[in-house]
2 protein chains.
Amino acid sequence: MSQLKVRVVSRSTLKRLPLYLHLLESLADQGLQNVSCTQIAEKFDFDPTQVRKDLEATGEVGTARIGFRTVSLIVKIKEFLGWNNAHDAFLVGAGNMGKALLGYKDFDRYGLNIVAAFDKDTRKVGSRIFNREVLPLVKLPNLAKRMHINIGIVTVPAEYAQEVVDLMVVAGIKAIWNFAPAPLKIPEGVILENARLTQSLAVLTNNLTKVLGDDGKDLEKN
Amino acid sequence: MSQLKVRVVSRSTLKRLPLYLHLLESLADQGLQNVSCTQIAEKFDFDPTQVRKDLEATGEVGTARIGFRTVSLIVKIKEFLGWNNAHDAFLVGAGNMGKALLGYKDFDRYGLNIVAAFDKDTRKVGSRIFNREVLPLVKLPNLAKRMHINIGIVTVPAEYAQEVVDLMVVAGIKAIWNFAPAPLKIPEGVILENARLTQSLAVLTNNLTKVLGDDGKDLEKN
DNA sequence: CCGCTATCGAGAAACTTATATCGAGAAAAA
DNA sequence: TTTTTCTCGATATAAGTTTCTCGATAGCGG
Ligand SMILES: NC(=O)c1ccc[n+]([C@@H]2O[C@H](COP(=O)([O-])OP(=O)(O)OC[C@H]3O[C@@H](n4cnc5c(N)ncnc54)[C@H](O)[C@@H]3O)[C@@H](O)[C@H]2O)c1
Ligand SMILES: NC(=O)c1ccc[n+]([C@@H]2O[C@H](COP(=O)([O-])OP(=O)(O)OC[C@H]3O[C@@H](n4cnc5c(N)ncnc54)[C@H](O)[C@@H]3O)[C@@H](O)[C@H]2O)c1
């Protein structure tokens with residue numbers, strides 16, 4: 001096997017790293033040369049040990065009493081996340097969410113470069129959204145192969161998500177970022193990541209329900 | 001203390017419930033009266049026991065050999081998540097992401113009803129987006145109080161997120177759904193939930209990096 | 001009617017993740 | 001120079017989450 005530069009870490013650690021990265025970038029902008037786990041932890045109300053363990057995943061080592069070199073830690077986190085070079089991606093479903101993603105300026109900093117959009121709505125095909133062409137779905141397989149596209153973004157209604165994913169898989173796409181609230185099946189070897197906004201919303205509304213229920217003002221009328 | 005209808009469960013459980021709910025709704029549409037944890041688990045490649053434990057949180061009880069009554073389980077999950085009655089919400093930042101959220105048809109099914117948008121861009125103020133008025137930010141505090149708005153959605157650039165949140169807190173908003181990648185401070189008693197797309201993206205690109213690195217084609221040149 | 005099997009619910013065990021403790025090193029203060 | 005303090009990294013402990021095991025129950029097939 002080849003040398004593993006990227007070590008395996010928990011999903012929880014993986015999801016905290018972008019938080020640190022953001023903070024570090026703004027600290028670097030402010031000219032801060034070094035940063036300690038204690039400082040980072042304070043910003044997020046995390047345990048400093050946790051931050052230290054998370055950063056360990058990147059391979060960067062700190063020094064006692066000083067902490068970590070800000071810029072070099074930024075580079076290591078980006079490398080670890082695969083954000084040092086942007087991956088080209090195709091987006092399918094140029095609707096509300098699709099447009100928002102196409103219009104997001106910062107994705108290049110997050111390792112993502114959406115190069116084209118696809119839609120089955122003939123009124124949308126041929127138009128340009130934030131300077132990306134909207135193409136008919138039939139063109140996806142050939143183009144994806146020719147352009148060596150690894151990432152596919154799914155922003156179609158839930159009922160069409162599986163067929164879009166199947167098409168992406170056939171087209172050789174290796175990683176799928178799905179926004180549709182549907183349980184998708186993919187073959188082994190393909191990566192599926194669901195960006196489920198409703199999960200986040202569920203946590204919010206459940207907590208709110210508990211709070212409103214507790215002081216008994218708004219909910220008791222049910 | 002008042003009777004606690006909503007029991008405390010782990011965040012992980014809470015985030016799986018919307019997945020089940022979606023599936024159950026489509027099963028109910030197909031006329032399926034009963035559903036077992038085994039069936040649900042198969043769809044998501046989860047452990048059946050985990051599904052059973054998750055559903056326990058809702059208070060619904062199943063019967064041996066039969067499972068759960070689909071419709072009644074749906075109702076219980078929605079109650080538990082606070083999705084049975086939609087909460088009115090204000091959205092601040094009528095940009096790309098803000099528009100996508102305003103245009104999302106299904107939020108009423110997820111306990112959310114965005115009633116107005118706010119922006120500081122004077123060119124946007126006064127316009128209508130998906131039939132919701134875009135108002136100047138100064139109107140937020142009074143309106144929020146008058147309309148008893150509990151939920152605030154933050155879709156402004158990261159550097160303005162904290163000031164928007166502060167304004168919402170002053171306006172009596174109790175729960176904040178934040179899309180900006182910034183670590184926000186809120187007073188005790190206010191609920192903050194971050195919908196961080198970049199975290200999800202980080203998992204995807206990290207996994208992709210590992211896969212691409214393994215078969216040694218694309219990454220070894222580093 | 002009587003096993004057989006699918007399923008629930010409860011409790012135990014295994015696993016994962018988070019937090020606490022401690023020694024060592026490095027800068028700052030005395 | 002010596003002491004103090006901060007921080008890292010390693011290890012140990014605790015907490016949380018998932019998976020396994022098992023007895024009970026309700027329909028199904030013989
Ligand atoms: N808009 C949001 O805020 C939001 C939030 C959470 C989840 N989502 C999810 O994201 C997805 C898209 O939502 P939206 O609001 O953008 O919907 P939308 O209706 O605005 O856009 C869907 C787009 O997909 C296209 N499409 C439909 N079937 C297609 C197919 N088979 N192949 C190619 N294109 C196809 C349509 O023409 C349309 O342009 C949905 O699954 C939705 O549940 C959206
Ligand atoms: N668009 C995406 O796909 C996407 C993805 C992930 C995260 N985000 C985050 O969501 C937020 C919004 O992103 P976007 O792409 O919609 O940006 P955008 O620039 O399109 O929209 C931002 C909007 O906020 C308004 N605004 C700025 N400062 C304000 C203030 N102080 N008060 C009120 N309104 C203000 C602007 O006028 C603009 O309309 C950002 O924090 C971004 O990082 C967006």
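Note on naming: letters A, B, ... go to the chains in the order of the sequence lines (proteins, then strands), and numbering restarts at 1 for each one.
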Validation row: Leu197(B), Trp177(A) side chains within 4.5 angstrom (heavy atoms):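 The answer is yes, as the side chains (C-beta and beyond) meet within the 4.5 Å cut-off.
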Val156(A) side chain reached by Phe179(A) side chain, heavy atoms, under 4.5 Å: no
All ring pair (Phe, Tyr, Trp, His ring centres under 6.0 Å) counterparts of Phe68(A), not counting sequence neighbours: none
Protein and nucleotides 18-25 of chain C: nitrogen or oxygen contacts under 3.5 angstrom:
unit_1: dA18(C); atom_1: OP1; unit_2: Arg16(A); atom_2: NH1; d: 3.0
unit_1: dA18(C); atom_1: OP1; unit_2: Gln50(A); atom_2: NE2; d: 3.4
unit_1: dA18(C); atom_1: OP2; unit_2: Arg16(A); atom_2: NH2; d: 3.0
unit_1: dA18(C); atom_1: OP2; unit_2: Gln50(A); atom_2: NE2; d: 3.4
unit_1: dA18(C); atom_1: O5'; unit_2: Gln50(A); atom_2: NE2; d: 3.2
unit_1: dA20(C); atom_1: OP2; unit_2: Asp47(A); atom_2: OD2; d: 3.3

Considering all heavy atoms, the nearest Ile173(B)-Ile151(B) contact: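 Nearest pair, atom of Ile173(B) first, then Ile151(B): CG2-C, 4.0 Å.
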For [X], enumerate each residue passing the side chain to side chain donor-acceptor pair (under 3.5 Å) test, keeping only those at least two apart in sequence or located in another chain.
X: Lys78(B); answer: none
X: Gln33(A); answer: none
X: Asp106(A); answer: none
X: Lys76(A); answer: Glu60(A)

Whole-Å gap separating C1' (dC15(C)) and CZ (Arg11(A)): 18 Å
DNA chain C contacts among residues 20-39 of chain B, heavy-atom distance under 4.0 Å: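 Of all residues in residues 20-39 of chain B, the ones placing a heavy atom under 4.0 Å from DNA chain C are Ser36(B), Cys37(B), Thr38(B).
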Residue pairs involving residues 184-207 of chain B (criterion salt bridge (charged side-chain N to carboxylate O under 4.0 Å, His left out); sequence neighbours excluded): Asp45(A)-Lys185(B), Arg11(B)-Glu193(B)
Inter- and intrachain pairs under salt bridge (charged side-chain N to carboxylate O under 4.0 Å, His left out), touching residues 87-105 of chain A, at least two apart: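 Output for this query is empty, none listed.
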Rounded (10°) bend between the five-pair end axes of the helix from dC1(C)-dG30(D) to dA30(C)-dT1(D):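 Between the axes fitted at each end of the helix from dC1(C)-dG30(D) to dA30(C)-dT1(D) lies an angle of 0°.
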Ring centroid separation His22(B) to Tyr110(B) under 6.0 Å: yes
Listed once per pair and sorted, the side-chain hydrogen bond (donor to acceptor under 3.5 Å, both in side chains) pairs that draw on residues 156-168 of chain A, sequence neighbours left out: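 Found Gln162(A)-Asp166(A).
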Range on DNA chain D touched by chain A - first to last nucleotide, heavy-atom distance under 4.0 Å: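 The protein-touched segment is dT5(D) to dT11(D).
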